[in-house]
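Here's the structure, in structure tokens; my notes come after.
Lettering of chains follows the sequences in order, A, B, ..., and the numbering in each one begins at 1. Computed from heavy atoms alone, side chains included, the values below leave out hydrogens, waters and symmetry copies.
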There are 2 protein chains.
Amino acid sequence: MPPARASTQNDLTTQLREAIARGRLLPNERLIETDLAATYGVNRAHIRMALAMLDQEGLVVRERNRGARVRAVSDDEALEIAETRLAIETMIAGQAARRVTDSDRKALRAILTRMRGCVDGEDYAGFSDANAALHREIQRIAANATASRIVASLKSQIVRLQYRVILLPGRPALSLAEHRRIVETICAGDRAGAEAAMRAHLTSFLRLLKQAIAAAHHGGF
Amino acid sequence: MPPARASTQNDLTTQLREAIARGRLLPNERLIETDLAATYGVNRAHIRMALAMLDQEGLVVRERNRGARVRAVSDDEALEIAETRLAIETMIAGQAARRVTDSDRKALRAILTRMRGCVDGEDYAGFSDANAALHREIQRIAANATASRIVASLKSQIVRLQYRVILLPGRPALSLAEHRRIVETICAGDRAGAEAAMRAHLTSFLRLLKQAIAAAHHGGF
DNA sequence: GTCACCCGGATTGTTGACAATCCTGTCAGC
DNA sequence: GCTGACAGGATTGTCAACAATCCGGGTGAC
């Protein structure tokens, strides 16, 4: 089932990026230009271009005359990425606290309410969506396009690992509490508090990520 | 004077990146594929690829059917970039403090000595080099490739502005003191201290950057 | 004088063909 | 049985030609 034909270069790159992030293209899987071109209904040159960009982005590795593969992020790299994300998103939370307006406050609290509903209803997919929406909203408020772009790029490299953490028992409830504190500090315009709250949240995430990785090593699967 | 022929795709991209960073290609300057191909002695396809990667990297903007231009970072963007860099490099300093070894300590102190020599001899170019070397060394010690890559990319977008700050009167001496504190805290394995020292250093840099931008606005030149 | 229109040059977008390279399996020699 | 050379196919790298698009200037109507 070939995906819808990509109209522009950017669309194609986005499609490939999502295919990797969603796991439709697996780590270390070879990305053969001719095949991809046929699958997406475009010319090889487009694929070549998209692969070059995804290479630059860190989602794909290319070796001369050997082709491209989906980059397999090692455990160490995953932690590196998560820590870097922590540093940037902490800053973003602080900036959001400085710039927050009344309508922003309303939007943040609305998403938080949605999250609580998902926790009560044990709707994990919905919770995950609301989670992403909240972080996106905070980024929008912070209005730091550079940082947002980088965070997006980092996230796409470790999305698959995130699911392992989200599905841990009791995680959503704890996560909700952490997010509530983030929202409240940002709404209060408390920059240092927002930074601390976001740092605490992502540190907690990082700790669980480490545990998940260690568990997988011991033969989880 | 055409630069040496680029042997590989990566080399070409690097050459273009440096040409932009060094100011040989000015902001908003049109990057005409045919011309660049002739200049660098390669095919248009290579140029096209390199431009796509630099676009992804944020050094170049491309509009469909309109070609590519060197991206002009606005003042606001410059501050965004500097703040993001601050957040990441602060984290890097902390990681370096955790991982530092004896040989690392020696290397750090050697660079510091070099910096002091440049300050005494009023060798601004040398100071700038030593400065870069020190930051590179700290990144090497932190061993966070992801973060290092991002910082490099951010730096390349605002290198030109850095010169304005470095050349301010009294800046090198102050900068030296800041760097000394960074080195000492890292050598002591004092993570929080290293983070604080790096944050102080880059905050000081950021403040001067803001001043330089404001000054330029009032008609400096 | 101004506006709309159109045309030609310049530039980018797209495509297919060919060359270069790498990987795999096979076979001869030891 | 093992090693090395070698052929064949698969895949990427390179290139030039053609198509599509944009931009500027000029022309004519009003």
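Taking every side-chain heavy atom of Ile32(B) into account, dT11(C) is the closest of dT11(C), dG13(C), dG13(D).
Partners of Ala68(B) by side-chain contact (heavy atoms from CB on, under 4.5 Å), not counting sequence neighbours, listed by chain and number: Leu31(B), Leu51(B), Val60(B), Arg62(B). The ring-ring contact (aromatic ring centres under 6.0 Å, His included) search around His46(B) returns none, not counting sequence neighbours.
What separates CZ of Arg62(B) from C1' of dT11(C) is a distance of 14 Å, to the nearest Å. As rounded to whole Å, 11 Å separates atom P of dT12(C) from atom CE of Met49(A). Spacing between atom CD1 of Ile47(A) and atom C1' of dT12(D) amounts to 14 Å, rounded to whole angstrom units. As rounded to whole Å, 15 Å separates atom P of dC22(C) from atom CZ of Arg69(A). Between the CG atom of Leu36(B) and the P atom of dT11(C) there is a distance of 11 Å, given to the nearest Å.
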Would you list the atom pairs, donor with acceptor, under 3.5 Å between side chains in residues 209-216 of chain B and any protein atom, with sequence neighbours excluded?
none

Can you give each donor-acceptor pair under 3.5 Å made by side-chain atoms of residues 129-138 of chain A, sequence neighbours left out, with the distance rounded to 0.1 Å?
residue	atom	partner	partner atom	Å
Asn131(A)	OD1	His135(A)	NE2	3.3
Asn131(A)	OD1	His179(A)	NE2	3.4
His135(A)	ND1	Glu89(A)	OE2	2.6
His135(A)	NE2	His179(A)	NE2	3.1
Glu137(A)	OE1	Arg140(A)	NE	3.4
Glu137(A)	OE2	Arg140(A)	NE	3.4
Glu137(A)	OE2	Arg140(A)	NH2	2.7

Please tabulate, one pair per line, each protein N/O and nucleotide N/O from nucleotides 6-9 of chain C that are separated by under 3.5 Å, including the distance.
none

Protein-nucleotides 18-21 of chain D N/O pairs under 3.5 Å:
residue	atom	partner	partner atom	Å
dT21(D)	O3'	Asn65(B)	ND2	3.2

